[in-house]
There are 2 protein chains.
Amino acid sequence: MQQAVNIIKVGGNIIDNEEKLASFLKDFSELKGLKVLIHGGGKVATEISKGLGIEAKMVDGRRITDNETLKIVTMVYAGLINKNLVAKLQALSCNAIGLTGADANIIPAHKRPVKEIDYGFVGDVEEGKMDGKILSTLLQAELTPILAPLTHDQQGNMLNTNADTIASTVAVSLSKNFKVNLIYCFEKDGVLDGEDKVIPAISKTYFAELKEQGIVVAGMIPKLDNAFAAIDKGVSSVYIMHADGLKDLINNDRNSGTKIS
Amino acid sequence: MQQAVNIIKVGGNIIDNEEKLASFLKDFSELKGLKVLIHGGGKVATEISKGLGIEAKMVDGRRITDNETLKIVTMVYAGLINKNLVAKLQALSCNAIGLTGADANIIPAHKRPVKEIDYGFVGDVEEGKMDGKILSTLLQAELTPILAPLTHDQQGNMLNTNADTIASTVAVSLSKNFKVNLIYCFEKDGVLDGEDKVIPAISKTYFAELKEQGIVVAGMIPKLDNAFAAIDKGVSSVYIMHADGLKDLINNDRNSGTKIS
């Protein structure tokens, strides 16, 4: 039987809240088995930018990563947030190792090509090129990788990269050698139905129905599309759930969120 | 025969200079064999602090790492500098992995105890507790560790830590399993004599003479004390030299700096 690995993505709003973060990290440190954490950015980058008088650059409502913004996100994501997570997890006896996609070229990527919009220093992950070898080596050395949402362009520049995409890419690449669960933790209890109740499980057919009925909308659709794509590529299951339910899911196999399979 | 590892420390004034840095990284990427890079901080942290209106806190002429300064050095050393070095080395086909002493608890440390001065969040390395196991695993996986001058206090906080000390600690810990050369690269050609000529080799006896004659003074004495301490603890040789001589030393065994042994 293949060994299990839980790939957990935690969003910026947990990172931003000291109390929620402390509670999440305690739970995370107590999860049984192999695990990887991918963290989002949070508001700190915006605050530091403001402090330095750097304005967020927007084109057609999209955020652009120009040279100055790249410096900020590299500092904040790979430095401040990533290393504070590592130090806090180390204090909880979790042997964390903080990395970006550039380190050991873990997550191959390239600068997003300019089409209608030039997003600047934004990375598109090259999923097919990620072999997961180094992450496997680290997991086998009993380390817990903590990944910041950054990659590099193979030409000397860091790239701002979507944390959800990094999570699914890592999950797919590790599914060659492990039984992988991909878990998106956020501030809601899961995918909600028309009456704000959690839908405990979604299959592909059910997802089509939910979309048709307009129950699942906007922001959730790409998340679920990604989830099904990950399943198609070998990931065992994907969960979308509240961070509070994480420990119960992994240590006691009790799902309080939404399971996609 | 034991495999050789070169532990190279590069100072802030090379980090600060784009041209010198590019030349150094090209040379570093072309060094044969296993290697580890430890980098200093440079002026960027001071510039970012100024930009954010944070003043350097000094007590009795010593720099204090208060909470705000800790955030800055964590961002700049572990984020901006470390990841830019990694991205640049990756572009030069050197499989760099950027870490701090907190990651995988590579370099055990504690907060410096308050005596006459409270240095704040400054780390004192616990050399005897460092086993070098993770670094060996990374080196054996054909990775090149790039270490930022930060450790952690085992209680959830990062600590600002002297890069020279990190370099000698890493060198000593790896000398159990490897033949280790420790190389301090800086902007001078080596340890200079009374006529500003490089002294090619210094033994313990000769060092005592040089001190007595007042030829080696001030800043160089602790560097040399550290060098001899490292040799006593198993490091094969220590070099203090100009960054430009690095490639010739390692690839061609031609020493243009000062060898301590």
Side-chain angles (χ1 to χ4, degrees), chain A residues 22 25 44-45 47-48 50-54 70-93 95-106 108 133-134 137-138 140-146 148 150-159, chain B residues 22 25 44-45 47-48 50-54 70-93 95-106 108 133-134 137-138 140-146 148 150-159:
Chain A
L25 290 178
V44 194
E47 282 164 24
I48 304 261
K50 271 191 197 162
L52 288 169
I54 298 165
L70 178 66
K71 280 186 193 169
I72 301 286
V73 298
T74 304
M75 290 200 296
V76 174
Y77 299 169
L80 194 61
I81 297 179
N82 191 270
K83 297 314 163 193
N84 276 320
L85 292 178
V86 167
K88 287 190 165 118
L89 285 169
Q90 285 287 346
L92 292 161
S93 300
N95 203 358
I97 180 168
L99 300 167
T100 68
D103 296 296
N105 195 26
I106 286 178
K133 244 167 127 179
I134 297 293
T137 303
L138 299 178
Q140 269 141 18
E142 296 181 355
L143 297 172
T144 298
I146 312 297
L150 293 159
T151 56
H152 72 126
D153 66 357
Q154 324 275 343
Q155 289 166 51
N157 303 298
M158 295 298 291
L159 297 170
Chain B
L25 290 177
V44 194
E47 282 164 23
I48 304 263
K50 271 192 197 162
L52 289 168
I54 298 165
L70 179 66
K71 279 187 194 167
I72 301 287
V73 297
T74 303
M75 289 200 296
V76 174
Y77 299 170
L80 194 59
I81 296 178
N82 192 270
K83 296 315 162 193
N84 275 321
L85 292 178
V86 167
K88 287 189 167 120
L89 285 169
Q90 285 286 345
L92 293 162
S93 300
N95 204 357
I97 181 168
L99 300 166
T100 69
D103 296 296
N105 195 26
I106 285 177
K133 244 167 127 177
I134 298 292
T137 303
L138 299 179
Q140 269 142 18
E142 296 181 355
L143 296 172
T144 298
I146 313 296
L150 293 159
T151 57
H152 72 126
D153 67 357
Q154 324 273 342
Q155 290 166 52
N157 304 298
M158 295 298 291
L159 297 171

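Convention: sequence-line order gives letters A, B, ...; per-chain numbering from 1. Bear in mind the structure is a predicted one, so any value in this text is a computation, not a measurement.
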message = Report which part of A:Leu70 has an atom under 4.5 Å of a heavy atom belonging to chain B: side chain, backbone, both, or neither.
response = neither

ask   = CD/A:Gln90 to CG/B:Asp153 distance, rounded to the nearest 0.5 angstrom?
value = 11.0 Å

key: Separation of B:Leu143 CG from A:Asp103 CG (nearest 0.5 Å)   = 9.5 Å

key: Region of A:Ala96 that comes under 4.5 Å of a non-hydrogen atom in chain B   = backbone

Minimum heavy-atom distance A:Gly156-B:Ala91, with the two atoms named = N-CB, 3.4 Å

remark   = Rounding to 0.5 Å, atoms NZ (A:Lys83) and CE (B:Met158) come to a distance of 7.0 Å

Region of A:Ile134 that comes under 4.5 Å of a non-hydrogen atom in chain B = side chain

message = For B:Val86 and A:His152: C-alpha separation, side-chain torsions, deciding distance, then whether side chain to side chain contact (heavy atoms under 4.5 Å, CB included) applies.
response = CA-CA 9 Å; B:Val86 167; A:His152 72 126; over 6 Å; no

request  = Go through the atoms of A:Asn105 and report whether side chain, backbone, both or neither lie under 4.5 Å from a heavy atom of chain B.
outcome  = both

ask   = Going by heavy atoms in the side chains, are B:Leu99 and A:Leu99 under 4.5 Å from each other?
value = yes

key: Rounded distance (nearest 0.5 Å) linking atom CG of A:Leu138 with atom OG1 of B:Thr137   = 9.0 Å

note = Note: vs chain B, highest number of non-hydrogen pairs under 4.5 angstrom among A:Gly53, A:Ala148, A:Pro145, A:Ala102 is A:Ala102

note = Counting heavy-atom pairs under 4.5 angstrom with chain A, the leader among B:Leu89, B:Asn95, B:Ile106, B:Leu85 is B:Asn95

task = Give, as side chain, backbone, both or neither, the part of A:Leu52 having an atom under 4.5 angstrom from any heavy atom of chain B.
result = both

note = From the list A:Gln154, A:Glu142, A:Lys133, the residue making the most non-hydrogen contacts under 4.5 Å with chain B is A:Gln154

task = For the residue pair B:Met75 and A:Ile48, establish whether any side-chain heavy-atom pair is separated by less than 4.5 Å.
result = yes

